[in-house]
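The next block holds one structure in the form of structure tokens; read it before the comments.
Letters A, B, ... are given to chains in the order of the sequence lines, protein chains preceding strands, and every chain is numbered from 1.
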Number of protein chains: 2
Amino acid sequence: MTRTDTITDDLRHDILNGAFPPGDRLVELQLTQRYDCGRATVRAALVELSSEGLVDREANRGATVRRISVAEAIQITEARGALESLIAAHAARNANAEERVALNRVVADMRKAVAGESNSTYAELNQQFHRRLREMSGHSVAAELVANLRDRAAHHQYRLAIMPGRAAHSVEQHAAIASAIENHDEPGAAAAMDAHLRSVIEVLRRWGDAGPT
Amino acid sequence: MTRTDTITDDLRHDILNGAFPPGDRLVELQLTQRYDCGRATVRAALVELSSEGLVDREANRGATVRRISVAEAIQITEARGALESLIAAHAARNANAEERVALNRVVADMRKAVAGESNSTYAELNQQFHRRLREMSGHSVAAELVANLRDRAAHHQYRLAIMPGRAAHSVEQHAAIASAIENHDEPGAAAAMDAHLRSVIEVLRRWGDAGPT
DNA sequence: TCCACGACTATTGTTGACAATCATGTCGCC
DNA sequence: GGCGACATGATTGTCAACAATAGTCGTGGA
């Protein structure tokens, strides 16, 4: 793994974890001393993250951490929903018995987490569920796009997790998806996933009406 | 527009038009003299195109024009189908009267082109149809992803167009989409688009079984 | 004859410096 | 006091040079 890739990962990580809040300027020279490397290396990282949609880059005016409006977060989630449904359908077709068992175990852990009896956070299990699904589907193209979209809207997802009572609803939706996959029900899995993401969008929309731009 | 952006567009154009066939090595020094610029500029373009999925870049081993297998072309088309269905649904909701008329005019032109009575090629009209749909939808996130996916599989789409009798089928599918949009039928538009892309996949799959890897 | 080892070449990874551009603040003028 | 031209500083765009790496070819020995 080359140096540039490392810096890219570090910077992406720092952006996603809030070290650089949305709107922050990413001055190349400052980043060079933060990550201890040349400007070209930082530059390459910025180009990469720019085409991932995490940073804005204007000619001769520098890069900033991209600000994602609620409206755009909704679009991102819609696109993600379309692709995750595809993934769910493929997972229902391709997954083997072992993988199905593992998926159900994640759902069980989710139930424990909601009841406060788990040492894993619900957010972690949620990520694990979707990651596992992507692997089961074997659909690398959709998987890559979804991973990207997930990062882009990460800041809004974070707010979602805080919402009281949200996790309980979410668990049952995940259970429905796992159940459809258990039964090799491709359209059912896609529909369940679609319903899940649609419910996320609904929350985003309500939050958007109440909250700031 | 900065120099790097220009070079990036030029290189992308050259790749899509076959000046650099799939698998070709993209040696930085050669590109500098072809496009008359420094290596850093070429490098930035390669990074950009790499994250668009058009070129492969291995550490210390250089860049090559990405080779897309038929299997991957199918995945790309599946993902594109999921997103285009979303776009079609949004177009059915948001398009105004004027836009609907323009869309139907494209379909009419397509019919003429199939009958050999048009000066525009069918491929051009096809692109126009989908581009117009993206604009009508107002869904910039999905639109961007679809444009990218389209480029990635461009080489295979080219072979599709040659297939005899394919255009005639395709026209009616486009007509069905336009009709659903005319009637503000969101699920209908999505379903018609899904059927359209599914038929493309079917052709790709048949071709893949017969042709080379 | 075949394999292991080592130097060589080609190409990429990285750095620092120079030129071009944009934003900011100052000065003079009205 | 307000407004516009101009100089200044900060930041990016581009380039050429150096260092590091992977692939290749040739050589020597078993």
Worked check of side chain to side chain donor-acceptor pair (under 3.5 Å) between B/T32 and B/R43 = CA-CA 9 Å; B/T32 55; B/R43 221 177 149 67; over 6 Å; no
inquiry  = In whole Å, I'd like the distance from the CD atom of B/E28 to the P atom of D/dA17.
reply    = 16 Å
task = With sequence neighbours excluded, give me every ring pair (Phe, Tyr, Trp, His ring centres under 6.0 Å) pair touching residues 46-74 of chain A.
result = none
message = Without decimals, in angstroms, what is the distance between B/L46 CG and C/dT11 P?
response = 14 Å
ask   = Is B/L26 touching bases, backbone alone, or none of the nucleic acid, heavy atoms closer than 4.0 Å?
value = sugar-phosphate
key: A/L29 CG to C/dA17 C1', straight-line distance once rounded to whole Å   = 13 Å
query = Is there a donor-acceptor pair under 3.5 Å between the side chain of A/D56 and the backbone N or O of A/R66?
reply = no
Options D/dT14, D/dT12, C/dG13, nucleotide nearest the side-chain atoms of A/T2 = C/dG13
remark   = Ranking C/dT12, D/dT14, D/dG13 by distance to the side chain of B/R43, first place goes to C/dT12
Report each atom pair, protein N/O against N/O of nucleotides 18-23 of chain C, whose distance is under 3.5 angstrom.
| unit_1 | atom_1 | unit_2 | atom_2 | d |
| --- | --- | --- | --- | --- |
| C/dT21 | O3' | A/N60 | ND2 | 3.4 |
| C/dA23 | OP1 | A/R61 | NE | 3.0 |

task = Can you measure from CG (B/L49) to CG (B/D151) and round to the nearest 0.5 angstrom?
result = 9.5 Å
inquiry  = Under 4.0 Å, counting only non-hydrogen atoms across every strand here, what does B/I7 touch: a base, just sugar-phosphate, or nothing?
reply    = nothing
task = For B/Q33 and C/dT11, give me the distance from atom CD to atom P, rounded to whole Å.
result = 11 Å
query = Among A/L125, A/D109, A/V171, which residue meets the side chain to side chain contact (heavy atoms under 4.5 Å, CB included) test with A/V114?
reply = A/V171
request  = Determine the minimum heavy-atom distance between B/T4 and B/A44, stating which atoms define it.
outcome  = CG2-CB, 3.5 Å
query = Between atom CE in B/M1 and atom P in D/dG13, what is the gap in whole Å?
reply = 14 Å
request  = Look at the side chain of A/R3 and decide which nucleotide, out of C/dT14, D/dG13, D/dC15, has an atom nearest to it.
outcome  = C/dT14
key: For atom CD of A/E58 and atom P of D/dT11, their distance in whole Å   = 16 Å
request  = Answer yes or no: does a side-chain N or O of B/T4 lie under 4.0 Å from OP1 or OP2 of D/dT14?
outcome  = yes
ask   = Considering heavy-atom distances to DNA chain C, does B/R25 or B/A40 have its closest nucleotide positioned more toward the 5' end?
value = B/R25
message = Quick check: closest heavy atoms across B/R166 and B/H196, and the distance to 0.1 Å?
response = NH2-CE1, 4.3 Å
inquiry  = Tell me whether the side-chain N/O atoms of A/T41 come closer than 4.0 Å to OP1 or OP2 in C/dT15.
reply    = yes
